[in-house]
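Everything below concerns the one structure shown next.
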Amino acid sequence: MRPPRGCRRRGVVVGTVTLCLAAGWALQTPGGVSLTVPQPNINATVAQNILLSVEYSCRGVATVEWKHVSSWGTTRIVEWKSGNYVNISVVYKDRVTIFENGSIQLLNVGMRDAGYYLVTVTEEYGTNTYGTIIVNVYEIIYEDIHFVAVLFAFLAAVSAILICFMWLCNKSLHLFQKTTHKLSASTTEEIELETIEC
């Protein structure tokens, strides 16, 4: 026996409404955290300040933790809970600034600061997510600048020596021309005197 047609439609409508209410309840239930890393690779030079930028969102109170992983090992940088506490490692005490969106700023980076930076955002209900930023730190190579400066000084010295040599050659040429001119004038006088005596 089939149910009347009107009852079947009511069942579909009730089922659909129940499903929508369950989905809405599931979305309101605490849980779930998202993390965005807008710049996963950062290049910096020694003594520069860098911003490790992230942004997280969650329904509850989150705990943010940053770690640095390099060839020297893993170091915990900072851990904080939104609005409650901040726990900064002794190594980074004067070198790190934290921001409410989960980002940190490292001041005066050195070669040892190169590596992977791992951020973990954990919600109070246990849900967590991870993000990674790769930081490359380069030294400013002063050898290139030194080479250019030495080459410039060498070329300036060679130019000065060549200018002095050209000046000496010019003076020598003028002296030679004067003596040759005097000599030719005196020779001309002698020839004239000889022709007069004859």
Side-chain angles (χ1 to χ4, degrees), residues 3 5-142 144:
R5 288 186 179 207
C7 289
R8 186 181 289 174
R9 285 187 188 159
R10 276 189 218 150
V12 172
V13 171
V14 170
T16 305
V17 169
T18 306
L19 183 63
C20 288
L21 288 174
W25 178 79
L27 290 174
Q28 289 179 353
T29 302
V33 60
S34 67
L35 178 69
T36 306
V37 180
Q39 189 176 2
N41 294 315
I42 296 174
N43 294 319
T45 56
V46 172
Q48 187 177 6
N49 299 336
I50 59 172
L51 177 66
L52 304 176
S53 178
V54 297
E55 183 140 352
Y56 74 90
S57 64
C58 65
R59 292 187 189 89
V61 178
T63 302
V64 180
E65 180 184 23
W66 281 90
K67 290 182 181 178
H68 175 231
V69 179
S70 69
S71 58
W72 292 287
T74 302
T75 308
R76 191 167 66 71
I77 301 170
V78 64
E79 179 182 14
W80 76 90
K81 190 174 239 180
S82 300
N84 288 339
Y85 72 92
V86 175
N87 186 9
I88 299 175
S89 173
V90 175
V91 177
Y92 291 92
K93 194 73 170 170
D94 298 326
R95 295 186 49 225
V96 70
T97 305
I98 65 167
F99 299 95
E100 277 300 313
N101 67 352
S103 301
I104 63 172
Q105 182 178 28
L106 286 178
L107 307 174
N108 197 21
V109 295
M111 293 302 292
R112 291 189 75 118
D113 292 318
Y116 296 92
Y117 286 83
L118 304 174
V119 58
T120 306
V121 179
T122 307
E123 194 178 29
E124 62 186 337
Y125 301 105
T127 307
N128 58 14
T129 187
Y130 305 95
T132 305
I133 296 176
I134 301 170
V135 174
N136 299 308
V137 180
Y138 300 100
E139 286 184 297
I140 299 172
I141 301 177
Y142 293 105
D144 293 341

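Below, each value reflects all heavy atoms present in this structure, side chains not excepted, and no hydrogens, waters or symmetry copies. Here the structure is a predicted model, which is why all the values come from computation and not from measurement.
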Can you tell me how far OH of Tyr130 sits from CG of Leu118, rounded to the nearest 0.5 angstrom? 10.0 Å
How many angstroms lie between atom CG of Asn101 and atom CD1 of Ile98, to the nearest 0.5 angstrom? 10.5 Å
Rounded to the nearest 0.5 Å, the OG1 atom of Thr97 sits from the CG atom of Leu52 at a distance of 11.0 Å
Which pairs count as ring pair (Phe, Tyr, Trp, His ring centres under 6.0 Å) when at least one residue sits in residues 90-117, sequence neighbours excluded? His68-Tyr117
Heavy-atom closest pair (Lys67 atom, Arg76 atom, distance to 0.1 Å) is CG-CA, 4.2 Å
Of all pairs that satisfy salt bridge (charged side-chain N to carboxylate O under 4.0 Å, His left out), the ones with a partner from residues 94-118, not counting sequence neighbours: Arg95-Asp113
Is there a side-chain contact between Val69 and Thr132 in this structure, where contact means two heavy atoms from C-beta onward sitting under 4.5 Å apart? no
For the student: nearest non-hydrogen atoms of Ser53 and Ser103, plus distance: CA-OG, 3.3 Å
Measuring from atom OH of Tyr138 to atom OG1 of Thr45, what distance do you get when rounded to the nearest 0.5 angstrom? 11.0 Å
Which heavy atom of Gly110 sits nearest a heavy atom of Val137, and at what distance? O-CG1, 3.5 Å
Close side-chain approach of Ile133 to Pro40, heavy-atom, < 4.5 Å: no
Give a yes or no on whether the backbone of Arg59 and the side-chain of Glu123 come within a donor-acceptor separation of less than 3.5 Å. yes
Between Val33 and Cys58, the two heavy atoms sitting closest are CG2-CB, 3.7 Å
Just by distance, do the side chain of Asn136 and the backbone of Ala114 share a donor-acceptor pair under 3.5 Å? no
Gap between atom NZ of Lys81 and atom CG of Asn87 - 0.5 Å precision: 13.0 Å
All heavy atoms of Ile50 vs all of Ala44, minimum pair found to be CG2-CB, 3.5 Å
Sub-3.5 Å donor-acceptor pair from the side chain of Trp80 to the main-chain atoms of Ile88, do we have one? no
So, for Gly131 and Leu35, which heavy atoms are closest and what is the spacing to 0.1 Å? N-CD2, 3.5 Å
Flag the pair Val119 / Val64 as yes when at least one side-chain heavy-atom distance between them is below 4.5 Å, and no otherwise. yes
So CG of Leu107 and CD of Gln48: to nearest 0.5 Å the spacing works out to 11.5 Å
Is the backbone N or O of Asn108 less than 3.5 Å from a side-chain atom of Asn49, with the two atoms forming a donor-acceptor pair by type? yes
A side-chain contact here means heavy atoms from C-beta on lying under 4.5 Å apart; do Trp66 and Leu106 qualify? no
Check the pair Thr122 / Thr63 against side-chain hydrogen bond (donor to acceptor under 3.5 Å, both in side chains), numbers first and verdict last. CA-CA 5 Å; Thr122 307; Thr63 302; over 6 Å; no
